[in-house]
Amino acid sequence: MQRGRRLALWVGCALLFGAAGLHPSLAPLAWLAVAGYTVALATAPSWWDALLGLTGSRLLACALAHPYLALLNRAQFDVAGLAAAGLYAGQIMVWSSCFILAIFLGFLVFRRRLPVAVWLPLAWGAAELLRFRYVVPVRLDEWLVSQWAVGPMLRLLGHLGWWPTTLLGLYAAALLGHAVLHQRWRWLLPAPAVVLVGWLLPSLAPRTEALSGVAALHLRSTLELPAAVPAGEDVDLLLWPEEALELHPLLGEGTTPGATVPGLLPTHHLLGLVTRRGDGRRQNQVLAVDPAGTVLASRAKVLLFPLSERPFLNFGGGSLVPGRRSPVLTAGGRAVGALICGELMSRELVAEAAAEGASAIAIVARDGMMPTPVARRQLLAIQVLRSVEFGLPSVRASLDGEAAFVAADGQVLARAGPGAPGMLLWDEARGPRDHPLVVGSPTTAVLYSRASPALRTRCPAGRCTWHPIEDFTCPGERRQTVILAGHGEAPAWLGKPPDVVADAVRCFQPDLVVVDTCYGASTLLLTALGDDALVVASAGLVPTTGLVYGPEFFEEGPAERRAAAVTGVGRLLRGRPVAEALAAAAAEVTAMDTRTLWRHLARRTPAQVGVDAPGLGPVLVPVEWSRLRPE
């Protein structure tokens with residue numbers, strides 16, 4: 001019978017602590033969980049009973065507090081079956097290991113020397129500290145996280161700091177268990193006393209002035225982007241999600257003279273991108289960008305997560321290189337602590353930003369791996385706690401998640417997502433506004449290859465449809481524009497011969513075709529496309545970021561005006577590739593001698609010569625390699 005009661009007590013502790021993390025209204029259960037652990041450890045008959053009880057209870061509590069872990073693993077690691085079960089079990093064990101070991105060690109050392117209520121809060125705090133620093137950088141189930149919506153606890157946090165508040169709460173909760181165990185009811189008083197002190201403390205300053213003029217995007221893809229700042233809004237700084245655009249530019253951490261990002265709105269930006277270094281390795285960066293698209297400065301993610309971003313116990317990992325720079329970036333006339341997704345878990349990084357004069361915390365996040373309301377609420381809890389502890393308002397932009405504005409006193413000012421994409425704003429005068437990004441019906445079809453999805457064209461929300469060419473079936477819908485987006489290298493574009501590409505283009509009956517590939521202005525492709533539509537193409541290399549499309553490109557209007565909105569790589573071919581113009585270009589190449597051919601040679605494999613076609617611009621004409629050999 002006693003064994004059954006002890007088991008029920010351990011299970012009850014797990015249920016209480018696990019449930020406390022599911023909803024802010026259940027915050028009192030975290031106090032009862034600590035009280036329950038105090039009683040369970042004080043009445044454990046042996047070290048073996050304590051170890052088994054702690055292990056089972058903590059594993060169960062972790063599983064209950066994070067019911068989305070299996071979905072997270074499927075989204076992030078693409079595992080199923082036994083592999084998924086093994087990864088899930090391993091995560092639960094790693095997350096719980098410090099708690100189990102620290103408290104069990106406290107049990108062994110202090111079992112007969114001190115009451116559990118004296119040493120348990122210290123062991124609990126040590127477990128939370130050691131796990132973040134030495135095991136896994138996750139702070140979603142620390143005791144204080146369960147109190148994120150309790151006003152008195154937030155005021156204690158703002159006035160006293162993290163560890164004093166944590167230990168006060170843990171001691172008060174442990175004394176609840178001590179009082180019940182020894183029937184000394186005066187030990188029930190510290191718990192309400194802590195709450196009362198927090199309630200009586202002066203209110204915290206919201207410091208929301210730093211959020212005025214800031215907008216945060218919540219997006220569902222890296223392809224559908226805002227077309228303009230909403231009418232009537234004055235946006236000084238636009239916050240984009242982590243990996244917001246699939247650009248992968250060559251950009252080192254810090255200040256890179258001359259670096260630009262095309263196609264952004266005319267305001268200042270904090271933009272999350274994965275960038276390439278000169279040695280080919282990648283960094284996850286946040287960039288400060290001016291209204292012209294010039295990169296002012298950048299910093300790379302310091303806190304890389306195990307398995308997904310760095311190896312852990314010789315498993316998983318990636319090629320990301322951790323950053324070294326300060327978290328503070330200046331954009332839109334303000335210095336902000338620019339953090340990338342899970343870096344918000346780090347109190348140390350936020351403390352560094354506060355010490356260096358940041359006026360707010362800006363989080364660029366990719367939250368698709370946090371797919372449930374519970375998961376997103378736990379992320380919001382961390383944001384609230386960081387803002388309160390360091391007296392900094394915060395704003396979050398998200399891909400597949402929520403955008404949020406939080407005041408320095410912990411008040412959640414605005415939340416939006418993860419449904420339709422939008423631009424979230426907040427200010428003192430008008431409160432929260434979430435502007436949807438969808439601007440109209442599709443005008444443009446983008447043909448791309450599954451072999452290079454990152455080269456797909458990014459469009460204003462609602463304006464484009466994307467079609468892989470590998471298994472293309474004509475949808476029977478007309479589009480005013482078709483973009484070919486991907487690799488181009490004669491005699492193939494998007495990995496397909498010219499006639500296949502041209503047939504897919506004609507399906508949409510466009511009046512404008514943009515060949516957003518390298519060497520798109522080849523007479524091989526232009527001949528296949530014919531003169532039914534105006535064509536824009538490059539006779540040279542196109543950057544991985546693609547051509548630049550002005551706002552008019554995606555609007556209704558004459559093809560000539562939309563074609564003029566395409567820029568990005570010097571002179572472009574613009575016009576209808578009529579047979580006479582292509583024949584004239586071919587005839588010019590035919591008449592060239594070897595020396596002239598070499599002077600106009602644009603590509604060696606296959607050999608193509610660049611000339612100007614009448615009324616079109618630069619084109620590439622294929623030649624036999626034998627003509628380039630001296631006689």
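Positions are given from 1 along the sequence.
Under the rule for a salt bridge (charged side-chain N to carboxylate O under 4.0 Å, His left out), the partners of R133 that lie at least two apart in sequence or sit in another chain are E348.
In this structure a side-chain-to-backbone donor-acceptor pair under 3.5 Å is missing from Q285 to K301. The backbone N or O of G254 lies less than 3.5 Å from a partner atom in the side chain of S298, making a donor-acceptor pair. Remark: the backbone N or O of I340 is not paired with any side-chain donor or acceptor of R366 at under 3.5 angstrom.
A distance of 11.0 Å separates CG in L32 from CG in L26, rounded to the nearest 0.5 Å.
For CH2 of W185, the number of neighbouring non-hydrogen atoms (other residues, nucleotides, ligands) closer than 6.0 Å is greater than 12. Within a 6.0 Å sphere centred on CZ of R324, other residues, nucleotides and ligands contribute 12 heavy atoms or fewer. Residue-environment remark: CH2 (W199) stays at or below the threshold of 12 foreign heavy atoms within 6.0 Å. Within 6.0 Å of atom CG in L200, more than 12 heavy atoms from other residues, nucleotides or ligands are found, so the atom counts as buried in its surroundings.
Each side-chain hydrogen bond (donor to acceptor under 3.5 Å, both in side chains) pair with one or both residues in residues 205-221, not counting sequence neighbours, appears once here: T208-E428, H218-D434.
In summary, R299 and E343 engage in a salt bridge, as defined by a charged side-chain N under 4.0 Å from a carboxylate O. A salt bridge links R433 with E233: the distance from a Lys NZ or Arg NE/NH1/NH2 to an Asp or Glu carboxylate oxygen falls below 4.0 Å. A salt bridge between D236 and R334 is present, with a side-chain N of the basic residue lying under 4.0 Å from a carboxylate O of the acidic one.
Here the closest heavy-atom approach between residue A362 and residue L270 is recorded as CB-CD1, 3.8 Å. T166 and L144 make their closest contact through OG1-CD2, 3.6 Å (heavy atoms, listed as atom of the first residue, atom of the second, distance).
Of the candidates W124, W31, F99, W124 is the only one forming a ring-ring contact (aromatic ring centres under 6.0 Å, His included) with F17.
Y37 and W10 have tilted rings, their planes meeting at an angle from 30° to 60° on a 0 to 90° scale. Between F104 and W47, the two ring planes are tilted [angle within 30° to 60°]. Taking the six-membered ring where the residue is Trp, F107 and W119 present perpendicular rings, their angle passing 60° and hence far from 30°.
W95 has its ring centre less than 6.0 Å from the ring centre of H66.
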For residues 394-401, which side-chain donor-acceptor pairs fall under 3.5 Å, sequence neighbours excluded?
| from | atom 1 | to | atom 2 | distance (Å) |
| --- | --- | --- | --- | --- |
| S394 | OG | Q383 | NE2 | 3.0 |
| S394 | OG | S387 | OG | 2.8 |
| R396 | NE | D367 | OD2 | 3.2 |
| R396 | NH2 | D367 | OD1 | 3.0 |
| R396 | NH2 | D367 | OD2 | 3.4 |
| S398 | OG | D367 | OD2 | 2.8 |
| S398 | OG | G401 | N | 3.1 |
| S398 | OG | E402 | N | 3.4 |

